[in-house]
Enquirer: 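Provided herewith is a single structure, encoded as structure tokens, for subsequent inquiry.
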2 protein chains.
Amino acid sequence: MADAQPIWNRPARGARGPAPSHSRAEIVAAAIAIADADGLPAVSMRAVAAKLGTAAGGLYRYLSSRDDLLDLMTDRAVGELEPYHDTSGDWLDHLVALGRAQLDLHRRHPWLADVIQRPSAVGPHALSFFDRCLGVLAPLDAPTSAKFEAIALMTGTVVLFSRSAATGPNPFAGLDPTAHPHLAAALANPSDPGRQDLFDHALRGLLRGLLTP
Amino acid sequence: MADAQPIWNRPARGARGPAPSHSRAEIVAAAIAIADADGLPAVSMRAVAAKLGTAAGGLYRYLSSRDDLLDLMTDRAVGELEPYHDTSGDWLDHLVALGRAQLDLHRRHPWLADVIQRPSAVGPHALSFFDRCLGVLAPLDAPTSAKFEAIALMTGTVVLFSRSAATGPNPFAGLDPTAHPHLAAALANPSDPGRQDLFDHALRGLLRGLLTP
DNA sequence: TGTAAACTGCGAACCACGTTCACGGTTTTA
DNA sequence: TAAAACCGTGAACGTGGTTCGCAGTTTACA
């Protein structure tokens with residue numbers, strides 16, 4: 001009953017009692033270090049507590065659930081996108097640059113793709129990012145709903161490319177060419193252009209298609 | 001060591017011994033029923049086994065892990081998209097129609113969004129769907145990589161809309177207007193056009209932007 | 001100043017989960 | 001007919017999130 005509010009609006013500690021040995025920031029940092037090194041499944045309460053030299057149950061003095069921890073991790077990582085420098089020039093260039101920064105962030109923290117979609121993970125830094133994108137789009141005359149979709153799908157594109165970079169060999173091993181003729185034909189000719197600016201090109205096309213009449 | 005192959009290439013049973021009381025199809029149907037009713041976390045081995053009136057350990061005669069079960073569930077659900085009727089007319093209209101069918105599928109099985117991204121979930125029906133999309137795009141003169149991205153992002157759009165329909169109230173409750181001015185302004189004027197064809201419009205814009213020079 | 005309330009870290013415990021295993025019974029192969 | 005392969009069962013293992021009681025510590029208040 002103590003957490004009717006999301007964790008960002010909850011105070012870290014009360015007034016009485018001894019000073020805590022740790023802090024939310026310290027716990028979140030340890031959890032992110034584990035996730036960066038060994039992946040999200042390795043982020044167990046016991047592992048995080050062990051990295052801090054404490055017991056698992058003690059973490060619940062600082063958070064009320066593992067989901068809270070994931071939310072804090074997410075928003076802290078998103079905070080690495082700041083500070084945002086000033087807006088100038090074309091909105092499309094600017095938004096693509098924001099998307100590329102987001103992609104870099106996801107490459108640094110591959111676990112982000114697995115936690116970022118949960119609604120509870122929208123924290124203050126995520127709001128700042130969202131607000132920033134809307135600011136870039138402000139001079140554009142497009143319906144608000146279209147701008148919302150565009151930003152959401154930009155993140156979707158980031159997740160897509162981040163995941164495809166982290167995945168192993170393609171899942172099309174040993175498929176039947178007669179059953180899937182078009183797929184076989186497409187895989188036959190490796191007409192990949194420069195893999196470098198594939199992301200830029202895709203994101204540009206997406207945004208232009210979504211925000212241009 | 002028995003499952004070096006993905007589960008679709010593994011035989012269901014051996015030659016000797018008594019006839020099995022169940023089948024993979026029956027198990028998958030029970031699991032899907034549970035997921036549809038109570039969500040993906042409710043799909044535990046024990047719950048699926050209980051619905052079949054058997055013990056949890058017995059399921060491992062048919063599958064080798066819970067991930068296998070999720071893979072089978074995914075591909076079976078994707079199979080509901082078939083049969084595909086003949087191609088005719090504009091490629092864009094056709095692809096949007098495929099996307100809408102995909103969205104209907106995700107509304108019927110909201111848990112799909114949480115399992116569809118895993119690489120191991122690409123089964124024969126998913127390959128058929130992919131091949132079908134490529135067939136629709138065949139007359140189009142665009143690089144293969146662009147077509148792949150477009151199809152992947154189409155699925156991303158479906159997941160986005162499916163999730164936003166399933167999510168509760170918006171996560172922008174009680175935000176600080178001074179900290180996020182653009183966001184507050186955007187939320188102030190409810191300029192939502194008809195929520196009906198929002199998906200169609202977004203998907204059209206996305207595909208056109210991605211596949212048009 | 002003293003006492004009660006609120007807080008701290010700690011460890012044991014609970015429960016659910018995925019998975020394994022030995023067992024007795026059943027069907028096929030040789 | 002005997003051996004081999006398979007079946008379902010139920011108990012068990014290990015791990016995970018979470019709860020709880022305990023003893024010690026700090027603050028608020030009379």
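All figures in this text were calculated on a predicted structure; none of them were measured in a lab. The chains referred to below are lettered A, B, ... by the order of the sequence lines, with proteins before strands, and numbering in each begins at 1.
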Enquirer: Please report, to 0.1 Å, the donor-acceptor pairs under 3.5 Å made by any side chain of residues 178-187 of chain A, with sequence neighbours excluded.
Expert:
from: Thr178(A); atom 1: OG1; to: Asp176(A); atom 2: OD1; distance (Å): 3.1
from: Thr178(A); atom 1: OG1; to: Asp176(A); atom 2: OD2; distance (Å): 3.1
from: His182(A); atom 1: ND1; to: Asp131(B); atom 2: OD2; distance (Å): 3.4

Enquirer: Using heavy atoms and a sub-4.0 Å distance, could you list which residues of residues 34-54 of chain B are near DNA chain C? By number, please.
Expert: Val43(B), Ser44(B), Met45(B), Arg46(B)
Enquirer: Please tabulate, for side-chain N and O atoms in residues 41-51 of chain B, each donor-acceptor pair with protein atoms closer than 3.5 Å (sequence neighbours left out).
Expert:
from: Ser44(B); atom 1: OG; to: Ala47(B); atom 2: N; distance (Å): 3.1

Enquirer: Any side-chain N or O of Arg16(B) below 4.0 angstrom from OP1/OP2 of dA4(D)?
Expert: no
Enquirer: Would you call the rings of Tyr84(B) and Phe129(B) parallel, tilted or perpendicular if under 30° counts as parallel and over 60° as perpendicular?
Expert: tilted
Enquirer: Does any non-hydrogen side-chain atom of Ser120(A) lie less than 4.5 Å from one of Asp67(A)?
Expert: no
Enquirer: Which letter, B, S or -, goes with each nucleotide of nucleotides 19-24 of chain D from 5' to 3', with contact meaning a protein heavy atom under 4.0 Å?
Expert: B-B---
Enquirer: List the residues meeting side-chain hydrogen bond (donor to acceptor under 3.5 Å, both in side chains) with Arg204(A), not counting sequence neighbours, and say none if there are none.
Expert: Asp93(A)
Enquirer: Between His125(B) (side chain) and Arg76(B) (backbone), is there a donor-acceptor pair under 3.5 Å?
Expert: no
Enquirer: Below 4.0 angstrom from OP1 or OP2 of dC7(D), is there any side-chain N or O of Tyr62(B)?
Expert: no
Enquirer: Using the six-membered ring wherever Trp is involved, compare the ring planes of Phe161(B) and Phe199(B) and label them parallel, tilted or perpendicular (cut-offs 30° and 60°).
Expert: perpendicular
Enquirer: Residues two or more places apart in sequence or in another chain: which of them pass side-chain hydrogen bond (donor to acceptor under 3.5 Å, both in side chains) with Arg163(A)?
Expert: Asp114(A)
